[in-house]
Protein chains: 2
Amino acid sequence: MPPADPSRDSEYLDRLRDYYAEARRIPTQQRICELIGFASKTAAKKLLERLETAGFVERTPDDDAWMPTTRFFERPLADIAVRAGAPDMIEGTQGDMFLIDQYLVRQPSRTLMVPVKGDSMIDAGIHDGDLVVVERTKAAKSGDFVIAIVDDEFTLKELILEKSKFALKPHNPAYPIIRPQGQLEIFGVVTGLVRRYQG
Amino acid sequence: MPPADPSRDSEYLDRLRDYYAEARRIPTQQRICELIGFASKTAAKKLLERLETAGFVERTPDDDAWMPTTRFFERPLADIAVRAGAPDMIEGTQGDMFLIDQYLVRQPSRTLMVPVKGDSMIDAGIHDGDLVVVERTKAAKSGDFVIAIVDDEFTLKELILEKSKFALKPHNPAYPIIRPQGQLEIFGVVTGLVRRYQG
DNA sequence: TTGACAGGTGTTCCAGAGAACACTAGCATG
DNA sequence: CATGCTAGTGTTCTCTGGAACACCTGTCAA
């Protein structure tokens, strides 16, 4: 038997990551045995349980299968605060697509992307040309950035509570606070933002 | 029996997408029945086969399970500039579809995500806690936002040309321009930005 | 009118995925 | 030295996921 190497699991984890990149799922216990060379499924099961306590995988909500956590995809996430030198060890890999999507979108069927027009939210770091991730169902609360419908126009503002009435506050001193007369119609809540530089 | 509705599958697809967002896998035939209301697993199987020909799912390399394709992760892109009233037209599939990852990442193997620390770029709309998309290969040019290595520390600044020498300019008046003595080492070029609101 | 097809229901059957349990070899620790 | 923990092997059992097949019923086209 090989000596107990505490860093061996990270090598195993790499195998699982490679498999996930191809098949987009955590391998079965049987396939883990093939991938790593275990002779017994129990070893695979225990490995998964170790990876669970380490925070790389977790049970599905139905508790009938394993799923990766965000830490599972963590490889291309560089920690610039800690690292000194040795930048080459943090190369990204092919299979890590859809990390961003999963980071931003919780309920796909209720989520859409909305391009930002204008600079009324510039002081909140939301620029013209950015794309905001909008979740339609979410109940908007004071302090949320929302897409509201004012005079048949869509507008992105912060929802605030002013004397127990809702109002829309731009983040740009050049624009006034919007205090709607009747009902304030909220199209959706901004849950994320995406920006692309240079072309 | 309900009338054959050609757009019914897209509603089913939404259920699968929501399930995938939670459990990170295509549901089993049995669970598809629960999610949608099918009484027979065969209906679930045929649905998956339809979605395969439509290009939303495919078989794993081992041909023992279903996995999502890139089309599975497409999000609707709303054009609020056109709007005028009818926001619900965006519900349908007719609008443009859009892949966040593809939008931000051109070369996955050369791309990584870097969390932003500090507020030295706040005036450029880059906040503490944002994630920037960094491409390692790209040749940096004046005007680019770059991750540079200064004194063994990673720092995010704008690369500028000052008297035919490169320097690093923060976008926050509280910080000074960095004029490196010797070689200025560029780790990568910022090609995108991702921000998540509320939790 | 008559197919043919699409989208379902219902049923049977089997492989395999995972749980559970007993057991073992190294390695640390008191 | 005993003790216990960790990371494995090997085995059995159960249950479920999926394939296959027969059948049903609206819709549309010829």
Side-chain angles (χ1 to χ4, degrees), chain A residues 1-20 22-69 72, chain B residues 1-20 22-69 72 92-93:
Chain A
M1 170 152 309
D5 180 355
S7 74
R8 173 151 306 201
D9 274 2
S10 78
E11 182 191 329
Y12 296 162
L13 180 57
D14 276 344
R15 306 278 183 103
L16 300 199
R17 281 169 162 153
D18 287 346
Y19 182 90
Y20 192 95
E22 281 183 2
R24 295 234 186 292
R25 59 169 181 155
I26 304 293
T28 64
Q29 292 178 7
Q30 202 126 18
R31 205 160 297 281
I32 289 177
C33 292
E34 296 167 18
L35 292 171
I36 294 181
F38 289 150
S40 170
K41 285 198 290 179
T42 309
K45 188 188 181 180
K46 290 188 181 173
L47 169 61
L48 287 169
E49 284 163 354
R50 265 175 280 144
L51 292 178
E52 185 186 24
T53 62
F56 291 103
V57 299
E58 60 186 354
R59 302 295 293 176
T60 57
D62 303 318
D63 192 35
D64 61 351
W66 294 101
M67 57 184 272
T69 63
F72 187 86
Chain B
M1 172 154 303
D5 180 354
S7 75
R8 174 150 305 203
D9 274 2
S10 79
E11 182 191 327
Y12 296 163
L13 179 58
D14 274 344
R15 307 279 183 102
L16 301 199
R17 282 172 160 150
D18 286 348
Y19 182 90
Y20 192 96
E22 281 183 3
R24 298 263 184 276
R25 58 167 181 156
I26 303 293
T28 64
Q29 293 178 4
Q30 203 125 19
R31 205 158 296 279
I32 290 177
C33 293
E34 294 167 19
L35 291 172
I36 295 182
F38 288 149
S40 171
K41 284 197 290 181
T42 310
K45 188 188 183 182
K46 289 187 180 173
L47 170 61
L48 286 169
E49 284 163 353
R50 266 176 279 146
L51 292 177
E52 184 185 26
T53 63
F56 291 104
V57 297
E58 62 187 354
R59 301 294 293 175
T60 57
D62 303 320
D63 192 34
D64 62 350
W66 294 101
M67 57 186 271
T69 64
F72 189 86
T93 46

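Proteins get letters first, then strands, A, B, ... in listed order; numbering begins at 1 in each. Source: prediction; values computed, not measured.
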Exercise. Taking the side chain as every heavy atom from C-beta outward, state whether A:L16 and A:L51 have any pair of such atoms under 4.5 Å apart.
Key: yes
Quiz item: Do the charged groups of B:K46 and B:D9 touch, with an N to O distance under 4.0 Å?
Solution: no
Quiz item: What is the distance from CD1 of B:I26 to P of D:dG17, rounded to the nearest Å?
Solution: 15 Å
Quiz item: Should A:F72 and A:M67 be marked as a side chain to side chain contact (heavy atoms under 4.5 Å, CB included) after you check the CA-CA gap, both sets of side-chain angles, and the distance that decides it?
Solution: CA-CA 9 Å; A:F72 187 86; A:M67 57 184 272; over 6 Å; no
Quiz prompt | Between C1' of D:dC15 and NZ of B:K41, the distance in whole Å | solution = 11 Å
Quiz prompt | Rounded distance in Å - CZ (A:R31) to C1' (D:dG17) | solution = 15 Å
Practice problem: Taking the six-membered ring for Trp and the full ring for Phe, Tyr or His, determine whether the centres of A:Y12 and A:F56 are under 6.0 Å apart. | Solution: no
Self-check item: Under-4.0 Å side-chain N/O to phosphate OP1/OP2 contact, B:Q29 with D:dT16
Solution: no
Quiz item: With respect to the side chain of B:T28, which nucleotide from C:dA19, D:dG17, C:dG10 is positioned closest?
Solution: D:dG17
Quiz item: How long is the line joining CG of A:D62 and P of D:dG17, in whole Å?
Solution: 10 Å
Quiz item: Are OP1 or OP2 of D:dG17 and a side-chain N or O of B:Q30 less than 4.0 angstrom apart?
Solution: yes
Practice problem: State whether A:E11 and A:R8 are salt-bridged, where the test is any N-O pair (Lys NZ or Arg NE/NH1/NH2 against Asp/Glu carboxylate O) under 4.0 Å. | Solution: no
Exercise. Report the distance from atom CG of A:D63 to atom P of D:dC15, rounded to the nearest whole Å.
Key: 17 Å
Practice problem: Quickly work out the B:I32 CD1 to C:dG8 P distance and round it to whole Å. | Solution: 12 Å
Exercise. Could you tell me the separation between the OH atom of A:Y12 and the C1' atom of D:dA7, rounded to a whole number of Å?
Key: 8 Å
Quiz item: B:I36 has an atom CD1; how far is it from atom C1' of C:dG7, in whole Å?
Solution: 12 Å
Quiz item: Nearest nucleotide by nearest heavy atom, which residue falls closer to the 5' end of DNA chain C, B:D64 or B:S40?
Solution: B:S40
Practice problem: Using heavy atoms and a sub-4.0 Å distance, could you list which residues of residues 42-52 of chain B are near DNA chain D? By number, please. | Solution: B:T42, B:K45
Self-check item: Close side-chain approach of B:T28 to A:D64, heavy-atom, < 4.5 Å
Solution: no
Quiz prompt | Flag for B:Y19-B:D14: side-chain donor and acceptor within less than 3.5 Å | solution = no
